[in-house]
Amino acid sequence: MTGSAGTSAGPRGEIVVLRHGQTEWSRSGQHTSVTDLPLLPEGEEQARMLRASLGSRRFVEVWVSPRQRALRTAELAGLTPTAIDEDLVEIDYGGYEGRTTAEISADLGRAWSVWRDGTIPGETPGETLAAVAERVDRVLDRARKRLTDGDVLIVAHGHVLRVLTARWLGLAPEAGALFALSAGSYGVLGYEHTRQALIGWGLH
């Protein structure tokens, strides 16, 4: 199933951005990047339930983060990756890995947000939002070239997919703050006429 919007070049497909199912740390709110956690049974069930909603689409590409939580989500959803893409890994939180927003805020003595404040400085630096934007821009450049043939599915992580969505819409990476995406849910990026647009969000 592709979007109804088209151009003189013909109909275009859509980009489906899917966040992996629930893990122990996504449930507790701990920031998870390089830590390679498995899905919880709940997360596995979320992935299986996606078969019905995604099964009607014709995916010409299925690009998946190398982390096991993303790969397992794709597998249980009945999807066969066409590429394992390092550009789709989660934001590297540096010294904030495994910590919650509440814990970080308590240490700093003020409210902290990855969208406003970035990742930890110093000896264990994390990745900047600008660096994340550079790699998701590469993903989007590749995806646009395939949309004339059908839909592209991207299976990855909450924050990186939110930056990718912001970039699709022509926004700064910090605008990813606006696109909360729960574990096991997906969004659809496409076109309204010739404008890149958000077609659907928080779908299951």
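Computed over heavy atoms, backbone and side chain alike; hydrogens, waters and symmetry mates excluded.
- Between atom CD of residue Q30 and atom OG1 of residue T23 there is a gap of 8.5 Å, rounded to the nearest 0.5 Å.
- A pairwise comparison of heavy atoms in T119 and I91 identifies CG2-CG2, 4.3 Å as the closest pair.
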Y96 and W112: CA distance, side-chain angles, deciding distance, ring pair (Phe, Tyr, Trp, His ring centres under 6.0 Å) verdict
CA-CA 11 Å; Y96 289 161; W112 172 84; 5.1 Å; yes

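- In this structure, the separation between CZ on R167 and CG on D141 is 10.0 Å, given to the nearest 0.5 Å.
- T82 places a side-chain N or O within donor-acceptor distance of the main-chain N or O of V62, the cut-off being under 3.5 Å.
- Ion pairing between R135 and E127 holds under the 4.0 Å rule for side-chain N and carboxylate O.
- Rounded to the nearest 0.5 angstrom, F179 CZ and L161 CG are separated by 12.5 Å.
- Smallest separation of non-hydrogen atoms from G176 and A166: N-CB, 3.8 Å.
- Side-chain contact, Q46 with R19: no donor N or O sits under 3.5 Å from an acceptor N or O.
- Proximity of a side-chain donor or acceptor of R138 to a complementary backbone N or O of R142 within less than 3.5 Å is not detected.
- V163 and V114 end up in the same hydrophobic cluster when Ile, Leu, Val, Met, Phe, Trp and Tyr side chains are linked at under 4.5 Å.
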Test side-chain contact (heavy atoms from CB on, under 4.5 Å) on T165 and V136; report intermediate values, then the result.
CA-CA 9 Å; T165 298; V136 300; over 6 Å; no

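- Using a cut-off of 4.0 Å between Lys/Arg side-chain N and Asp/Glu carboxylate O, E14 and R57 are scored as salt-bridged.
- At distances below 3.5 Å, not a single donor-acceptor pair connects side-chain atoms of E90 with backbone N or O atoms of V34.
- Put simply, the side chain of S185 never gets that close to the backbone of L181: no donor and acceptor are under 3.5 Å apart.
- Between R72 and E44 a salt bridge is recorded (basic side-chain N to carboxylate O distance below 4.0 Å).
- The minimum heavy-atom distance between V155 and A70, with the atom names listed, is CG1-O, 3.6 Å.
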Stepwise, does the side-chain contact (heavy atoms from CB on, under 4.5 Å) test hold for R67 with H157?
CA-CA 9 Å; R67 304 291 183 246; H157 315 274; 3.7 Å; yes

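- Rounded to the nearest 0.5 Å, atoms NE2 (H204) and OG (S53) are 9.5 Å apart.
- Among all heavy-atom pairs drawn from I104 and R99, the shortest one is CG1-CB, 4.1 Å.
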Step by step, work out the salt bridge (Lys or Arg N to Asp or Glu O under 4.0 Å) result for D151 and R146.
CA-CA 8 Å; D151 294 342; R146 300 294 285 129; over 6 Å; no

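- Side chain of S26 to main chain of Q22: no donor-acceptor pair is present (N/O by atom type, distance under 3.5 Å, no hydrogens or angles).
- Using a distance-only test at 3.5 Å, with no hydrogens or angles considered, no donor-acceptor pair links the side chain of R69 to the main chain of P38.
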Please test T100 against H31 for side-chain hydrogen bond (donor to acceptor under 3.5 Å, both in side chains), starting from the C-alpha separation and ending with a verdict.
CA-CA 6 Å; T100 67; H31 289 83; over 6 Å; no

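- The cluster map of Ile, Leu, Val, Met, Phe, Trp and Tyr, joined by side-chain heavy atoms under 4.5 Å apart, puts L153 and L203 in the same cluster.
- The only member of V160, V16, L18, L164 that meets side-chain contact (heavy atoms from CB on, under 4.5 Å) when paired with I154 is L164.
- Note: the hydrophobic cluster containing L54 does not contain M49 (ILVMFWY, side chain heavy atoms under 4.5 Å, direct or indirect links).
- Note: W168 and Y191 have perpendicular aromatic rings, judged against thresholds of 30 and 60 degrees for the angle between ring planes.
- With rounding to the nearest 0.5 Å, the separation of CG in D85 from CG in L88 is 4.0 Å.
- Using a 4.5 Å cut-off on side-chain heavy atoms (C-beta onward), Y186 and V17 make no contact.
- Remark: the backbone N or O of D36 is paired with a side-chain donor or acceptor of Q68 at under 3.5 angstrom.
- In R110, the CZ atom is crowded: over 12 heavy atoms of neighbouring residues, nucleotides or ligands sit closer than 6.0 Å.
- Connection of L76 to L71 is not established within any shared hydrophobic cluster, with ILVMFWY side chains joined at heavy-atom distances below 4.5 Å, either directly or through further cluster members.
- Interatomic distance, CD of E61 versus CD1 of I15, reported as 11.5 Å (0.5 Å rounding).
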Begin with the C-alpha distance, continue with both residues' side-chain angles, and end with the deciding distance and a verdict on side-chain hydrogen bond (donor to acceptor under 3.5 Å, both in side chains) for T32 and T35.
CA-CA 6 Å; T32 321; T35 306; over 6 Å; no

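- Note on V188: it does not cluster hydrophobically with L140, by side-chain heavy-atom contacts below 4.5 Å among ILVMFWY residues.
- Here the closest heavy-atom approach between residue R12 and residue T194 is recorded as NH1-O, 4.4 Å.
- Between the side chain of W63 and the backbone N or O of D87, no donor-acceptor pair lies under 3.5 Å.
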One pair to check against side-chain contact (heavy atoms from CB on, under 4.5 Å): F59 and V152. What are the steps and the verdict?
CA-CA 5 Å; F59 292 114; V152 172; 6.0 Å; no

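- Between I199 and L189, the shortest heavy-atom contact is CG1-C, 4.1 Å.
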